[in-house]
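Taking it in order: structure first as structure tokens, then the write-up.
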Amino acid sequence: MADLRVKKVKDFSAELTVPGDKSISHRALMFSALSNGPCEITGFLPGEDCRATRDALAAMGVQFEELGDGGTAIRVHGCRGEFTAPERAIDCGNSGTTMRLLSGILAGCPFETELTGDASLTRRPMKRVQLPLEKMGARIRGKGDRCLPPLKITGREKLTPIHYESPVASAQVKSAIMLAGLRAEGKTSISEPHPSRDHTERMLNYFLVKNIREGDTVSIWGGQTPESRDIEVPGDISSAAFWIVAAAARDGARLLIDRVGLNPTRIGILGVMIRMGAQLIERVDESGCEPMGSIEVIGGTLKATEIGGEEIPTLIDEIPILSVAAALAEGTTVIKDAKELRVKESDRISAVAENLRRMGVPVEEFADGMEITGVEKLKGAEIHSLGDHRIAMAFAIAGLFAEGETIIRDVDCIETSYPGFIRELEQLQAMGR
Ligand code: S3P
């Protein structure tokens, strides 16, 4: 397991792009596979999580062609969702999106499949997809009350449409139900406590599959086949987030990120950074499947804020790096309504609290969040990623602000979402010494 050593930098100025959006890359593969012909995906994220989705679909008989560009361009031969039974268990690796969305697809396939994953994924609850998908007629078996993986899924050619009131605002749950809804006879609808990211709905529209949103409910009609199309994946705002905080928290810093996704259901971090006092300029182009554009950041002194409620799903994956911003801000930042963080790739509330304390930051932990009091100086420390990519990257950024050396243990996990992060960090460190 590799370690990463990070030292404080004096300046920060950069113009960069980030790899493709992880959520959109997964969906681009799945909807292309469900479509009626060839689809070229560009800007695809060649990280381990999305590879798990591609390999899973390949095991179900889907043909892919690599078109070069370091794995970022792929042609998928849509098979109208006429998948074949995989010969062995499908390994979803570290990827919750692969397992949950694929469960929705497999619910409508008339064979039995086993889905498994790594040590982190096999601790994550699948009950949230088991419940609605069983109501639709699939059979899903996992371990214990929380339905932990490995999962055994027995699908059916035709599913029963349902209306489901999801107790959690989860795009993974919503998407699993919508994917199964394509195989249901009639209208399937889902409502959520707050709107989660809407990439599935946008991609369905892009592939000309009828779905509608009425208030907090989305509906889809079964029996539709996505029309094959080429698709461009924007850069991942969740990856850009690390550099946004690195620039925003440093006086005089300037950052320009281009070709990044600016979907309103994903950019909660930008609103938070503005509240904390950062200067941000966005330029958005709405002409593709997803809004994308550039973000310019001018750094300054950050101040504390409160993060909670409806805003949480729009920045759920950015809370580790926002916690680092809070540690660098004046005052006490409160993060609440975020108990979902306890069931991500790690328990991100305790992972953030423990690692920030190691860097000399006072943190109070609650069931659904934490209070973080900013400090004048972070202390370099030994950080444990717990195999969680976003913890590893958030604390690598913290290391850029810390006195002495910060050592991040176990950074191989960064490959799941951001191949190239360490190279980018090393270049910035060399320039900013
Ligand atoms: C994702 C949705 C989010 C997010 C995850 C990716 C998706 O999870 O945390 O990294 O692609 O649908 P939930 O919406 O299930 O909380």
Side-chain angles (χ1 to χ4, degrees), residues 19-31 44-45 47-50 52-53 56 92-105 117 120-121 124-133 146-147 164 166-179 190-204 216 218 233-234 236-242 261 263 265-269 290 310-322 337-349 351-352 368 388-391 393-394 413-414 416-418:
D21 186 281
K22 183 156 76 70
S23 291
I24 301 172
S25 294
H26 283 296
R27 288 162 173 79
L29 290 174
M30 292 183 191
F31 286 109
F44 178 74
L45 170 66
E48 285 170 1
D49 273 18
C50 298
T53 292
C92 301
N94 189 247
S95 177
T97 309
T98 306
M99 187 169 283
R100 296 200 176 113
L101 270 59
L102 210 54
S103 299
I105 292 182
S120 153
L121 187 55
R124 297 181 66 186
M126 295 298 145
K127 183 113 194 157
R128 53 183 61 196
V129 288
Q130 180 201 33
L131 270 176
L133 296 177
R146 300 166 70 219
C147 189
Y164 190 66
S166 175
V168 280
S170 161
Q172 295 180 349
V173 172
K174 175 176 65 180
S175 304
I177 298 171
M178 292 183 90
L179 284 160
I190 312 106
S191 55
E192 322 181 78
H194 298 306
S196 60
R197 61 189 67 188
D198 66 358
H199 304 304
T200 295
E201 296 91 304
R202 282 175 188 267
M203 206 171 289
L204 283 167
D216 59 5
V218 286
V233 179
D236 199 326
I237 182 78
S238 298
S239 298
F242 300 107
N263 178 317
T265 62
R266 288 286 299 284
I267 54 174
I269 182 173
E290 286 273 346
E310 285 209 28
E311 191 171 45
I312 293 295
T314 70
L315 46 70
I316 187 75
D317 292 341
E318 286 65 77
I319 293 180
I321 188 62
L322 282 171
D337 307 318
K339 73 170 192 303
E340 272 297 296
L341 289 179
R342 300 233 180 245
V343 291
K344 293 292 179 188
E345 286 83 328
S346 67
D347 173 343
R348 287 185 175 158
I349 296 180
V352 164
D368 70 339
D388 182 335
H389 54 133
R390 300 211 194 273
I391 299 296
M393 289 186 276
C413 51
I414 291 174
T416 62
S417 68
Y418 196 161

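Remember, it's a predicted structure, so these values are computed and weren't measured experimentally. The analysis underlying the following values was restricted to heavy atoms, covering all of them including side chains, and did not include hydrogens, waters or symmetry mates. First listed ligand is number 1; within each ligand, the first listed atom is number 1.
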So, are Glu340 and Arg128 salt-bridged, with charged N and O less than 4.0 Å apart?
yes
Answer with yes or no whether the side chains of Glu318 and Ser238 bring together a donor and an acceptor at under 3.5 Å.
yes
What I want to find out is whether Lys344 reaches Asp388 closely enough, with some N-O distance under 4.0 Å, to be called a salt bridge.
no
salt_bridge(Asp49, Lys22) N-O dist < 4.0 Å:
yes
Please list, in number order, the atoms of ligand 1 under 4.0 Å from a heavy atom of Gln172.
1 (C), 2 (C), 5 (C), 6 (C), 7 (C), 8 (O), 12 (O), 14 (O), 15 (O)
Below 3.5 Å, N or O to N or O, backbone or side chain included: is there any such pair between Arg128 and ligand 1?
no
Enumerated ligand 1 atoms positioned under 4.0 Å from heavy atoms of Ser23:
1 (C), 6 (C), 7 (C), 11 (O)
Please report whether ligand 1 has a polar contact with Ser170, defined as an N or O pair separated by less than 3.5 Å (distance criterion only).
yes
With the threshold set at under 4.0 angstrom, would you say His199 reaches ligand 1 through any of its heavy atoms?
no
Salt bridge check: are Arg27 and Asp21 linked by an N-O gap of less than 4.0 Å?
no
When you check the side-chain N and O atoms of Ser23 and His199, is any donor under 3.5 Å from an acceptor?
no
More than 12 foreign heavy atoms under 6.0 Å from NZ of Lys339: is that the case here?
no
Of the protein's non-hydrogen atoms, which lies at the shortest distance from atom 8 (O) of ligand 1, and what is that distance?
Lys344 NZ, 3.1 Å
Output yes when the distance from some N or O of ligand 1 to some N or O of Asp317 is under 3.5 Å, and no in every other case.
yes
Could you check atom 12 (O) of ligand 1 against the protein and tell me its nearest heavy-atom contact, residue, atom and distance included?
Arg27 NH2, 2.6 Å
Within ligand 1, which atoms have a heavy atom of Ile316 less than 4.0 Å away?
9 (O)
Which ligand 1 atoms does Ala171 reach within 4.0 Å, using its non-hydrogen atoms?
12 (O), 13 (P), 14 (O), 15 (O)
May I ask you to decide whether Arg390 forms a salt bridge with Glu345, counting only side-chain N to carboxylate O separations under 4.0 Å?
no
Under 4.0 angstrom from ligand 1, any heavy atom of His26?
no
